[in-house]
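Take a look at this one; I'll ask things after.
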Amino acid sequence: EDIKSMFSRFTNIINALQALDKIYSNSEMVRKILRCLPRSWMPKVTAIEEAKNLNVLALEDLLGSLMTHELLMQKKDDDEEKEKKKKKIVALKSSQNEDSEDDDDDDDEELAFITRRFKKFLVGKKKFCGSQTRNSTKKESQTNLKKSYASSATSRGITKVIALA
């Protein structure tokens with residue numbers, strides 16, 4: 001629980017005890033609060049005990065000091081968590097890059113295979129187009145051929161573009 005809720009609960013208990021005629025002095029309440037803090041707070045408890053006179057330390061001053069320390073601890077935890085996330089992201093990006101390099105090799109091989117097949121196909125079509133009489137028909141035929149090749153490559157998931165003359 002946080003310091004504010006702990007202090008609220010502590011105040012309720014002290015007020016209930018006062019109603020039963022059990023009264024604690026300020027220094028007793030300060031000592032009780034310091035004693036109930038968890039182990040992770042022991043360095044702060046020791047610092048307060050050594051630096052301040054617990055007999056005259058006001059309960060509000062103790063509360064302020066503990067709340068300040070709590071905020072610093074939360075900030076430190078948040079910073080450490082952000083660092084861990086950054087390291088995980090860097091590691092994830094690194095592993096993704098390695099995976100994508102393997103995929104690129106596969107894509108390159110497939111692309112080379114398709115390119116070779118397409119060039120053979122074009123050679124056959126050029127012979128066919130050469131027998132036609134009009135040049136515009138030949139150009140239209142080659143353009144349609146390139147378009148069909150591009151749509152075929154796209155449907156197979158190939159993202160690299162080949163410039164064909």
Side-chain angles (χ1 to χ4, degrees), residues 1-119 143 146-165:
E1 85 186 312
D2 63 345
I3 295 296
K4 194 172 185 178
S5 61
M6 182 272 300
F7 187 72
S8 169
R9 198 165 46 90
F10 179 78
T11 303
N12 289 338
I13 293 169
I14 293 297
N15 289 339
L17 287 170
Q18 282 178 348
L20 297 172
D21 293 331
K22 177 63 178 165
I23 301 196
Y24 289 101
S25 68
N26 190 55
S27 66
E28 287 176 315
M29 289 189 286
V30 167
R31 288 182 189 349
K32 286 186 182 290
I33 288 177
L34 291 175
R35 228 179 337 181
C36 77
L37 292 171
R39 266 190 205 276
S40 61
W41 286 74
M42 285 306 120
K44 181 64 175 176
V45 170
T46 304
I48 290 172
E49 288 174 345
E50 290 180 0
K52 301 185 180 189
N53 183 359
L54 298 183
N55 293 327
V56 294
L57 179 63
L59 203 54
E60 293 79 21
D61 292 341
L62 175 65
L63 176 65
S65 178
L66 294 177
M67 288 177 76
T68 302
H69 184 67
E70 180 181 46
L71 288 174
L72 291 174
M73 285 176 38
Q74 285 175 348
K75 185 177 185 301
K76 183 179 176 185
D77 290 344
D78 290 346
D79 291 344
E80 287 175 357
E81 189 174 318
K82 285 179 184 177
E83 278 297 316
K84 286 180 182 176
K85 284 183 181 179
K86 283 182 183 177
K87 287 179 182 177
K88 285 181 182 177
I89 289 172
V90 168
L92 180 62
K93 284 182 179 178
S94 174
S95 68
Q96 286 177 345
N97 286 343
E98 289 172 4
D99 291 345
S100 67
E101 287 174 5
D102 293 342
D103 292 344
D104 287 346
D105 292 343
D106 294 342
D107 286 348
D108 291 342
E109 289 174 18
E110 186 175 2
L111 194 58
F113 174 75
I114 291 173
T115 303
R116 285 192 304 272
R117 299 272 319 252
F118 183 68
K119 285 180 180 178
T143 304
K146 288 178 184 179
K147 286 180 184 176
S148 69
Y149 172 69
S151 65
S152 166
T154 304
S155 68
R156 295 189 64 182
I158 298 174
T159 56
K160 295 185 180 180
V161 178
I162 300 174
L164 295 172

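Position 1 is the first residue of the sequence, and the numbers go up from there.
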Check against side chain to side chain contact (heavy atoms under 4.5 Å, CB included), Met73 and Lys44: CA-CA 11 Å; Met73 285 176 38; Lys44 181 64 175 176; over 6 Å; no
Check against side chain to side chain contact (heavy atoms under 4.5 Å, CB included), Glu50 and Thr46: CA-CA 6 Å; Glu50 290 180 0; Thr46 304; 3.6 Å; yes
Check against salt bridge (Lys or Arg N to Asp or Glu O under 4.0 Å), Glu70 and Lys4: CA-CA 10 Å; Glu70 180 181 46; Lys4 194 172 185 178; over 6 Å; no
For Met6 against Leu37, the heavy-atom pair lying closest together: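 Heavy-atom minimum between the residues: CE-CD2, 4.2 Å.
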Side-chain touch Leu54/Leu34, heavy atoms, less than 4.5 angstrom: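 Answer yes - side chains close enough.
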Gly64 backbone acceptor or donor facing Thr68 side chain under 3.5 Å: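 Here the side-chain-to-backbone pair exists.
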Sequence neighbours excluded, every pair satisfying salt bridge (Lys or Arg N to Asp or Glu O under 4.0 Å) that has a member inside residues 22-37: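 Counting only pairs at least two positions apart or across chains, no salt bridge (Lys or Arg N to Asp or Glu O under 4.0 Å) contact touches residues 22-37.
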Between NZ on residue Lys82 and NZ on residue Lys85, distance to nearest 0.5 Å: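 The distance works out to 9.0 Å.
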Side-chain donor or acceptor of Asn15 paired with backbone N/O of Thr11 under 3.5 Å: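 Yes; judged by distance alone, with no hydrogens or angles, the pair exists.
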Residues Leu66, Trp41; criterion side chain to side chain contact (heavy atoms under 4.5 Å, CB included); working and verdict: CA-CA 9 Å; Leu66 294 177; Trp41 286 74; 3.8 Å; yes
pair Met29-Phe10: side-chain heavy atoms closer than 4.5 Å: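 In contact.
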Sole residue of Leu62, Val56, Ile48 in side-chain contact (heavy atoms from CB on, under 4.5 Å) with Val30: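 The single option meeting the side-chain contact (heavy atoms from CB on, under 4.5 Å) with Val30 is Leu62.
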Steps toward salt bridge (Lys or Arg N to Asp or Glu O under 4.0 Å) verdict (Lys75, Asp79): CA-CA 6 Å; Lys75 185 177 185 301; Asp79 291 344; 3.5 Å; yes
Criterion side chain to side chain contact (heavy atoms under 4.5 Å, CB included) on Ile33 and Leu59, from CA distance to verdict: CA-CA 9 Å; Ile33 288 177; Leu59 203 54; 3.6 Å; yes
